[in-house]
Structure formats: structure tokens, C-alpha cells
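Heads up, the thing below is written out as C-alpha cells.
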Amino acid sequence: ARGPEQRLSELPILTPAERARMLVDWNATARDYDSRCLHEQFADQAARRPDAIAVAAEQERISYGELDRRSSQLAHELAGRGVREGTLVAICLERSVDLLVAMLGVLRTGAAYVPIEPTYPPQRQELLVADAGAPMLITQERYLGVIDPRGTAVLCMDRDRARLDAQPDGPLEIAVDPDALAYVIYTSGSTGEPKGVEVSHRSVANLIAEMREHPGIGENDVLANLTTPSFDLSVPDWYLPLTAGARLAIVPREATLDGVELADWLARTGATIVQATPTTWQMLVDAGWKGSEQLKIVCGGEALPRSLAEELLARSASVWHMYGPTETTVWSSAIELRPGDGPPPLGGPIANTRFYVLDADRQPVPVGVPGELYIGGDGVARGYHQRPELTGERFVENPFAFGSAARLYRTGDLVRWREHGTLEFLGRIDHQVKLRGFRIELQEIEAVLGAHPAVGAVAVTVREDSPGDRRLVAYVVPADDRALDKEQLRRLVKSKLPPFMVPSTFVALDTLPVTPNGKLDRASLPAPDGARPDLERPYAAPQSPVEEALASIWREVLGVDRVGIDDDFFDLGGHSLLAVKMLARVQDTLGLNPPLGLLFDHSTIRELARALTAELLGEVSGEDLEQLLAEAQVPDR
């Protein structure tokens, strides 16, 4: 009342002591750290321990000295082709020694790399290369028939090996600024197009300096890598061990999808540190993984249930709960979990990072009051590649700036402070979702489907109609009374988006539900009815006892009321976690333990039944097979 001209939104809600605690005390994270470029820190380890194994990938081993030499040779080749600071180089390689050589080689020229996932649809790969404006693509010869670089120069790590081996193996005499870009990783975009996040060496250096302390790593550690290079969670997987003198063990992609195989690989590699999403850890637990007393677990990328946290605590040396968006360099908070109740908390900000929980007017809110999380500090990315408007919208001026923290990233995450400076995650303020660790902007899927002439309106959401089974569902309204071909829509999405963004179910509606003010009412979207999706192949009934057993199991696991023997498991809405569940039921029913890879090779009931029958007949006589199936506890059998 003493200042009637003041805006209500600007009136201080916090007392001076409360404000100081949130803005200053809980953000007192300034620390000195080695901010040198990533390849320079790696080169120090290579000079110190040249004969130590740096990377182990299946049967391939490479020492620090050899990795140093090969990445230097690649850097000389790239520099001779005009690659320099400011250049973006696309890399389309599987996780392998060649991938590490390529990334380090690019960084040594002062350039930045753009990881392109080899399993993405060709149209998606070409879009990312074109959007990045990359004049050079590093790949292998087998991918040239898939990805069309359209004028981009190509270097093949296998085909051009002799040329690379002829290059000098000493370091390039190039000084690279720590503020130079290290990589550009593309994430799902709310505008219908993916967006590239530009991250500097300094930002990654700050992260790995923190992780060397929390959870901690030394030269005797083994870090097992499970994640694709296009997923930013893999960034500390590459650079944390290689800058600390530790060993990086690359687990094959097939093993990361099968809990039993993954458990075997973790034991075989002697892993002491593993980063993964809660989805992957749950798959391991469900597969009967016993854990390891020497293992430090790093878990993040999506919400961590308390029940899973307790399972992991009982199976490991320590469990670290991490949080952070791609735009603030992978992890912005870390906390070592203890047994307890309720949702596991998010930690406070890591070194040289600051958290602000703000209301709609960007004013701090009290402890316990929900607000949007804004993040500042050395981890904040430069912005989005060639997206100045979007960069200006998400990377905003810091009204509480001190030191070098001139900008904040608006996360879109709804959180609230707890009493002792930790955070509780409450959800999103928009429609971005996390599914099996992948960040998905639902609008990007809606934009692809909405471009089809037969689609009048579309909404995509994540549903969890069965506990633990979260899946994408697309709701489609036909345009002008046209008939919807759901299988055609599925193929359209598959051709443009990564597999994790393909809806498992398409539901046709006359209209989309709306709220009283005319906005889409996502909460009122109906649950899928369990009907068999419209597939290209007509329904074919099971013919043999094994086919009948599999059809019954698939109906139960997929929540579909009818399954034909030529229906593809993944077209029916299956994914790797459901595949693990389905194969566990096969084991219970038939007494077999088929590997997950068998389903990828034989993804219809007809094909899978043939493979399983051959295995069964190898173990029991033909006369006993029918009796075995008759006694199996299969629903509807």
C-alpha cells in the first residue's frame, strides 16, 4: 500500500533471508576445474599411460597410445580437407573404436561433430546432415547405401583406412578455445522439426570434472557404455573414462536390449560404473540380475520410481540419481540416494551451476511451491543451431546474474524446492515427454501425421493403461470423411522419425475431445480398445499348438484381443521391454530361454513358432511335444 504504483507480480513473496538462501546459498557452487578441451585432457592420459587399454569393444582392444595416434591421423586428414574450427562434421557410426577415433579426430581440428544414429530412417539422417550444414560425413562403407549425403564429402573409416594410416600420427599444432563447439546433438522439436543443441568443450569439461568426484572415477575403473551417441547421456560415457585414465567398455547393441545378456556383459567387462535410464535398470532387475558390490549406478533420463531405487540400492555399491536436459550438458544435478520413502529427490546444482525455481513472472517461489526450473552456469549450451528465435525463447537473460551466468535455460520442468536444497520433480508445463529415456516432443509426431492429406486432426499422447507399460498412442480424425489407412500412417511415421517416436497404436475418432475453452482435452482421450491394429497382412489364425501358445501370450502381453500368425510383434505395439516380458512367458510356458535377438530375426508368430519348435524338438521327442504343450499353463489353451 505504500507503493500503489507497483505491479502485483513484482511484489516480493520471500523474506530477504529466504531469498538469500535460494538465490545465493543453494547456488554457491563455484569451483575451479580443468576447463581445457576434451582432446587435450585425453592426450595427457595417453602420454601418461600409452599402453593402458582405453577402449574395449567385443573382441577389439585399443590402447591409449594407439587411440591417440589414430585420432591424430584422422585429424591430419580432416585438416587437409579443410575442416577447421567452426566446421560441423557428421558422424554416422555404430558404437565402436572407430567412433571414438572419429570424435577425437574431429575435436583435434577445432571442429565439432554431429552424431547421426545409423538405425534412423534415411530421410531422418539426411534431414540432420542437411540441417547441420555439415560439409563432411564420416561413416563406414556399409552405410553408404542407406544415407545419401547429397553433395557432402564422405570419409569411410574402413574403405579409407590405408589413406588414414599414411597420415602423420603426431598432434596437430592447433590451439582450440575451450569455448569452441564440441558437438551438436539433435533432439525432438516442438515445431515439427528436430533441433540441434550446440555444446562447447567448456560445458562438457565442467560436467566430467564434477563426475570425477561424484560418483567418482579412477584409472582402475571400467565404465560400461550402453547408449547410442545420438543420446546425450552417452557424452560422459565417452569423455569421463578417457580423461581419467579409466577403461571404456562398449556393450553391443543387441545385449543392451536383453536383460539376461546385459547382466552377463556387465559381469564380463568387470564394470564398476554404468549410466543408464530407469527403463534399462528395470529390465535388468526383471531379468534376475543380482548386481555387483563394486558397481556405482548412475540413473537418470526419466522419472525414477522409489521401488526401483530400492532394488538398485540392494544390488550395488551406490546409486546416483542424476537430472539434466540436453541444453545444460547432460546432467545438472546429482545426488547419492539412500533408502527411504516417497519419490527419490533431485539433487541441488552441480559445480558451477545454478538453479532457480520461478513463477510465470520469473520471480522466485517459496519452498514447497511449484514453479518452472531455470538453469544457469557453465553447463548452459550455446543455443540451437540456426534457430535464433527458438534460442531466444528458451535461453533467456538471467535477472539474478552474477559472475559469468548471463543466461538461463528454461527447462519447462515443473519442480519445487524441498527444505534442504533438493528438488522434487512434478512434471512438465508443456507436452514434452520422456519414454524409455528418450525425449519426445509430441508436436513433432503430430506434425508428421498432420501432413497426410487423409488426416484432419491428430493428437499424440503417452498412455500407461497397464502398470509399467507406457506407450505412444496416436488419435486421428479423418479429413472430409476419408477412410483412414492406419498402416499407411504407421509407414509414414517410420519413414521420417526414429523408432522410439513411432506410435504403437492408432485410434480413429470422429472428433478430438476439447475443454470448455476449446483446447484439446488430452485427459479425455479414450483408452485403445484392444482391437487388432489395421495391418497390411490379413488375419491368419494359429494352426499349430506352438502358434496357439504364442498367440495367447502375445494377446496377454500386448493387450490385443486377436493376433494373427503373420502379424509383426512390433507392428502390434511391441517394444524391447514388452519383448523381454513376452519371452519370459515363453520360458515359463515352454521351458525354453530364447535370446531377445531371436525375436528381432523372427518377429511374427509363424517365424518364431518355427524357430521354437525346432529347439523344442531338439530337446524332447515329437510324441512328448503335444503333451508338453497340453500341460503348459497358457491362457485360453
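Residue numbers run from 1 in the order of the sequence given. Computed over heavy atoms, backbone and side chain alike; hydrogens, waters and symmetry mates excluded.
With values rounded to the nearest 0.5 angstrom, Glu117 atom CD is found 11.5 Å from Arg124 atom CZ. Between atom CG of residue Leu233 and atom OG1 of residue Thr326 there is a gap of 9.5 Å, rounded to the nearest 0.5 Å. Between atom CG of residue Leu373 and atom OH of residue Tyr323 there is a gap of 4.5 Å, rounded to the nearest 0.5 Å. We find the CD-NZ distance between Gln123 and Lys496 to be 3.5 Å, quoted to the nearest 0.5 Å. In this structure, CG in Asp131 is found 11.5 Å from NZ in Lys195, a value given to the nearest 0.5 Å. Interatomic distance, Gln140 CD to Asp98 CG, rounded to the nearest 0.5 Å: 5.5 Å.
Gln386 pairs by the side chain to side chain contact (heavy atoms under 4.5 Å, CB included) definition with nothing, not counting sequence neighbours. The side chain to side chain donor-acceptor pair (under 3.5 Å) search around His602 returns none, not counting sequence neighbours. The ring pair (Phe, Tyr, Trp, His ring centres under 6.0 Å) search around Trp331 returns none, not counting sequence neighbours. Among residues two or more places apart in sequence or in another chain, the side chain to side chain donor-acceptor pair (under 3.5 Å) test is passed with Trp238 by Ser234. Checked against salt bridge (Lys or Arg N to Asp or Glu O under 4.0 Å), Arg142 has no partners two or more places apart in sequence or in another chain. For Phe438, the ring pair (Phe, Tyr, Trp, His ring centres under 6.0 Å) partners are Phe231, Phe500, not counting sequence neighbours.
Leu472 places a side-chain heavy atom less than 4.5 Å from the side chain of Leu442. Looking at Gln275 and Thr227, their side chains never come closer than 4.5 Å, going by heavy atoms from C-beta outward. Here the side chains of Cys156 and Leu144 are in contact, with some heavy-atom distance below 4.5 Å. A heavy-atom distance below 4.5 Å is found between the side chains of Tyr384 and Val197. Using a 4.5 Å cut-off on side-chain heavy atoms (C-beta onward), Asp264 and Leu266 make no contact. The shortest side-chain heavy-atom distance between Met582 and Leu608 falls under the 4.5 Å cut-off. Counting heavy atoms from C-beta on, the side chains of Leu312 and Leu284 never come closer than 4.5 Å. Put simply, the side chain of Leu449 reaches to within 4.5 Å of the side chain of Leu489, judged on heavy atoms.
When atom types are taken as modelled, the side chain of Glu372 and the backbone of Gly412 share a donor-acceptor pair closer than 3.5 angstrom. A donor-acceptor pair under 3.5 Å is formed between the side chain of Ser188 and the backbone N or O of Glu441. Gln543 places a side-chain N or O within 3.5 Å of a backbone atom of Ala541 that can act as its donor or acceptor partner. With hydrogens and angles disregarded, a donor-acceptor distance shorter than 3.5 Å links the side chain of Thr391 to the backbone of Arg387. Between the side chain of Ser495 and the backbone N or O of Leu492 there is at least one donor-acceptor pair closer than 3.5 Å. Proximity of a side-chain donor or acceptor of Tyr186 to a complementary backbone N or O of Ser230 within less than 3.5 Å is not detected.
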**Message:** Pair His385, Leu88 - check side-chain contact (heavy atoms from CB on, under 4.5 Å), show working.
**Reply:** CA-CA 11 Å; His385 182 61; Leu88 294 185; 3.5 Å; yes
**Prompt:** Are Thr277 and Cys299 close enough, and set up right, to give a side-chain contact (heavy atoms from CB on, under 4.5 Å), and what steps lead you there?
**Reply:** CA-CA 6 Å; Thr277 64; Cys299 188; over 6 Å; no
**Message:** Is there a side-chain contact (heavy atoms from CB on, under 4.5 Å) between Met103 and Ile91? Walk through the geometry before answering.
**Reply:** CA-CA 8 Å; Met103 292 192 299; Ile91 298 178; 4.0 Å; yes
**Request:** Applying side-chain contact (heavy atoms from CB on, under 4.5 Å), run through Thr604 and Phe569 and close with a yes or a no.
**Result:** CA-CA 6 Å; Thr604 68; Phe569 182 82; over 6 Å; no
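When every heavy atom of Ala381 is checked against every heavy atom of Phe395, the shortest pair comes out as O-CE2, 3.6 Å. Across every non-hydrogen atom of Val154 and Arg159, the tightest pair is O-NH2, 3.8 Å. Closest of all the heavy-atom pairs between Pro344 and Leu304 is CD-O, 3.1 Å. Ala479 and Val455 get closest at one heavy-atom pair: CB-C, 3.8 Å. Of all heavy-atom pairs spanning Ile185 and Pro115, the tightest one is CG1-CG, 3.8 Å. For Pro252 against Arg95, the heavy-atom pair with the smallest separation is C-NH2, 3.6 Å.
Using a cutoff of 4.0 Å between basic side-chain nitrogens and carboxylate oxygens, Arg394 and Glu327 are not scored as salt-bridged. The existence of a salt bridge linking Arg490 and Glu487 is confirmed by a sub-4.0 Å separation between a basic side-chain nitrogen and an acidic carboxylate oxygen.
Screening Val298, Leu226, Asp237 for a side chain to side chain contact (heavy atoms under 4.5 Å, CB included) with Val274, the sole residue that qualifies is Leu226.
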